[in-house]
Amino acid sequence: MQWETVIGLEIHTQLATRSKIFSGAPTDFGAAPNTRACAVDLGLPGVLPVLNEEAVTLAVRFGKAIEAEIAERSIFARKNYFYPDLPKGYQISQYELPVVGKGRVRILLDDGAIKEIGVTRAHLEEDAGKSLHEDFHGLTGIDLNRAGTPLLEIVSEPDMRSPEEAVAYTRKIHQIVRWIGVSDGNMQEGSFRVDANVSVRPQGEAKLGTRTEIKNINSFRFLERAIRFEVERQIDVIEGGGQVVQETRLYDADQGETRSMRTKEEANDYRYFPDPDLLPLVIDADFIERATQAMPELPDARRRRFRDQYGLSDYDADLLTLNRELGDYYERVAEDTGDPKLAANWINGELAAALNKAGLEIGVSPVSAPMLAGLIKRIQDQTISGKLAKQVFEAIWNGEGDADTVIAARGLKQITDAGAIEAVIEGILATNPAQVEQYRGGKEKVFGFFVGQVMQATKGKANPQQVNALLKEKLRA
Ligand code: ADP
Ligand code: MG
């Protein structure tokens, strides 16, 4: 039997506001426990929530970025449940009327095809506090700093058919929220978390299978692994004659498996009802206009433009638009050097590798865009060869100055004087008569040996094209 995987994701992303969604308490991360929650966040008697306008602005901006309808009128509802990290007994969320309606994003599949994934809705809500299990023996600590932090919950259609597609979609949403400044997307700090709904069905079956929901996944790698494990598990259950139980599961990264957490509560267990403390949220065209006026060129548009304007491959264009800073960096180097392809090669090659190795983001790259452009210019005007340029790059990275400084200090200037190169070649041919004879006898592989000798003698500084041409000429003689 062939099984088809079906995945729908719920992504919680923390909105980049300075204060909470319904109070003036700060949202900064990492403060001492229980120093960032006020009476409103705890829902103490006698206080009233007041909606943070900036949170609405960010939600609207996100909605526009995914081509969604913005609801003219949406409602805040209370989702009632008891949990120690939710002392007020309910979470303010949106239920029947979310602020952002149906939208869509496009993902790039491995085979180069583009697939559209539907977004069902995105709604505003407040976060709960946090239960701390690790630092306490036999006890659970409660930190309410996070209570009332604004979240946007982005719910997808069950449109994904593999763990890879789920990761591509999640990366896309992550890229968009950071790109437009809606969220910092910091996954370690919990600002971007994913619940994965997973089911399987026989290939060709129209009806969806019973799903499980894996909660709170905070890395792309874990997302892929958790889904892969869960798909295998569900297939095993069904092929073993059993039935998948609709439930919430946890991914245990250490064990590499998902485990049952609780069977899924029926939605109506939450006794949703409109929050009587909050008026309906009414959004007019003016508000939308203001919220989106500073909208930057979006990732998809920029990727297409990079491809068309600079003649890049889809692959290069995709890599260079992973985030806005990287795209900005690329454009500066491409413009400065007038060679967009070479600029792309250096950024996606040497620079990406160095950043990756050092665990750095482009924004703090030790090699700035003008510095990289300066290096590329010295390749273009043949001051240094492409090979030596890697050495120069490393020196710039290590703080030895810009390309010209490094080239001068290390005496790396390329030798392009034909006479000088010829002299070196003649010396080498004279001291290696046996190899010369072999070459002239038809053993062309020996050519590489001569190139190596010349490069060694010139400490890699001889212009490689000239070395090749002159060697051929001399060997023919
Ligand atoms: P709930 O209200 O319980 O959260 P929803 O119907 O809103 O459930 O769906 C939540 C998420 O689960 C959505 O992203 C949706 O696409 C996904 N989903 C629903 N049914 C399935 C299924 N059978 N298999 C996989 N994902 C599903
Ligand atoms: Mg849900």
Side-chain angles (χ1 to χ4, degrees), residues 1-13 65-68 100-122 153-177 187 192-240 242-251 253 256-258 260 264 299-300 303 314-315 318-319 321-322:
M1 171 91 75
Q2 283 285 84
W3 296 96
E4 182 178 49
T5 300
V6 175
I7 304 157
L9 300 178
E10 293 160 279
I11 297 177
H12 288 90
T13 188
I66 61 161
E67 301 161 42
V100 175
K102 275 191 187 307
R104 68 193 63 87
V105 298
R106 286 163 212 87
I107 59 172
L108 189 62
L109 303 182
D110 281 347
D111 64 4
I114 302 251
K115 176 170 175 175
E116 192 171 289
I117 306 290
V119 172
T120 316
R121 57 187 279 165
E153 176 170 343
I154 305 156
V155 183
S156 85
E157 291 291 308
D159 282 350
M160 288 147 277
R161 293 290 173 269
S162 68
E164 291 80 10
E165 286 185 22
V167 170
Y169 165 80
T170 306
R171 282 192 186 279
K172 190 77 197 201
I173 297 287
H174 190 246
Q175 175 192 42
I176 292 172
V177 297
M187 296 174 99
F192 192 90
R193 344 190 262 270
V194 185
D195 301 340
N197 296 271
V198 179
S199 65
V200 297
R201 63 181 170 189
Q203 197 83 49
E205 165 72 56
K207 225 175 92 222
L208 292 176
T210 302
R211 74 182 140 124
T212 60
E213 179 175 7
I214 314 164
K215 278 277 183 201
N216 275 330
I217 305 168
N218 66 352
S219 98
F220 297 116
R221 188 155 23 104
F222 292 167
L223 177 64
E224 182 167 349
R225 289 186 189 163
I227 295 173
R228 183 156 290 134
F229 176 91
E230 185 57 18
V231 167
E232 291 299 317
R233 190 192 67 83
Q234 290 186 10
I235 292 173
D236 282 351
V237 166
I238 301 170
E239 290 186 341
Q243 276 181 339
V244 174
V245 182
Q246 183 170 343
E247 61 183 356
T248 304
R249 299 178 69 87
L250 261 186
Y251 179 64
E257 62 182 25
T258 66
S260 181
K264 178 84 184 169
D300 282 354
R303 184 170 49 77
D314 275 324
Y315 177 78
D318 202 49
L319 284 180
T321 48
L322 279 180

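Count residues from 1 along the sequence. A quick note: this is a predicted structure, and the numbers were derived from the prediction, not measured.
Taken to the nearest 0.5 Å, the OG atom of Ser162 stands 8.5 Å off from the CD atom of Glu224. Rounding to the nearest 0.5 angstrom, the gap separating the OG1 atom in Thr170 from the CD1 atom in Ile217 is 8.5 Å. In this structure, CD1 on Ile173 lies 8.5 Å from OG on Ser156, to the nearest 0.5 angstrom. Here the CG atom belonging to Leu108 is positioned 5.0 Å from the CG atom belonging to Asp318, to the nearest 0.5 angstrom. The structure places CG of Asp314 at 11.0 Å from CG of Leu319, a figure rounded to the nearest 0.5 Å. Here the straight-line distance linking atom OH of Tyr169 with atom CD1 of Ile107 works out to 10.0 Å at 0.5 Å rounding.
The two residues Ile7 and Pro163 make their nearest non-hydrogen contact at CD1-N, 4.0 Å. Nearest approach of Asn216 to Asp195, heavy atoms of both residues: N-OD1, 2.8 Å. Scanning both residues, Phe229 and Gly256, for their nearest heavy atoms gives CD1-O, 3.4 Å. Considering every non-hydrogen atom in both Val245 and Thr212, the closest pair reads O-CG2, 3.4 Å. Scanning all heavy atoms of the two residues, the minimum distance from Gly8 to Met160 falls at CA-CE, 4.2 Å. Minimum interatomic distance between Leu9 and Ala166 (heavy atoms only, all atoms of both residues): CD1-O, 3.7 Å.
By the 4.0 Å N-to-carboxylate-O rule, Arg121 lies too far from Glu153 to be salt-bridged with it. For Glu232 and Arg228, the salt-bridge test fails: no basic side-chain N is under 4.0 Å from an acidic carboxylate O.
For Thr258, the side chain to side chain donor-acceptor pair (under 3.5 Å) test picks out Glu230, Arg249, with sequence neighbours left out. Qualifying ring pair (Phe, Tyr, Trp, His ring centres under 6.0 Å) partners for Phe220, counting only residues two or more places apart in sequence or in other chains: His174. The side chain to side chain contact (heavy atoms under 4.5 Å, CB included) check on Ala68 picks up Ile66, Val100, with sequence neighbours excluded. Legend: residues meeting side chain to side chain contact (heavy atoms under 4.5 Å, CB included) with Asn218, ordered by chain and number and at least two apart, are Phe222. Listed by chain and number, the residues in a side chain to side chain donor-acceptor pair (under 3.5 Å) with Glu239 are Trp3 (sequence neighbours excluded). Partners of Thr5 according to the side chain to side chain donor-acceptor pair (under 3.5 Å) rule, which considers only residues two or more places apart in sequence or in another chain, do not exist here. For Glu205, the side chain to side chain donor-acceptor pair (under 3.5 Å) test picks out no residue, with sequence neighbours left out. For Glu116, the side chain to side chain contact (heavy atoms under 4.5 Å, CB included) partners are Arg104, Arg106, not counting sequence neighbours. For Arg193, the salt bridge (Lys or Arg N to Asp or Glu O under 4.0 Å) criterion is met by Asp127, not counting sequence neighbours. Applying the side chain to side chain contact (heavy atoms under 4.5 Å, CB included) test to Arg161 and every residue at least two apart in sequence or in another chain returns Glu4, Val6, Lys115, Glu165, Arg201.
Side-chain contact between Glu157 and Ile117 is absent, with no heavy atoms from C-beta onward closer than 4.5 Å. A 4.5 Å side-chain heavy-atom check between Pro202 and Met1 finds at least one atom pair inside the cut-off. The side-chain heavy atoms of Thr120 and Lys102, taken from C-beta on, include a pair separated by under 4.5 Å. Between Glu247 and Glu213, every side-chain heavy-atom pair lies at or beyond the 4.5 Å cut-off. The side-chain heavy atoms of Leu208 and Pro158, taken from C-beta on, include a pair separated by under 4.5 Å.
When atom types are taken as modelled, the side chain of Gln175 and the backbone of Thr321 share a donor-acceptor pair closer than 3.5 angstrom. Side-chain atoms of Glu164 never come within 3.5 Å of backbone atoms of Leu109 as a donor-acceptor pair (strictly under, hydrogens ignored).
Applying the 6.0 Å contact sphere to CG of Asp236 captures more than 12 heavy atoms from other residues, nucleotides or ligands.
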Would Lys172 and Asp300 count as a side-chain contact (heavy atoms from CB on, under 4.5 Å) if you check the C-alpha gap in whole Å, the side-chain angles of each, and the deciding distance to 0.1 Å?
CA-CA 10 Å; Lys172 190 77 197 201; Asp300 282 354; 2.4 Å; yes
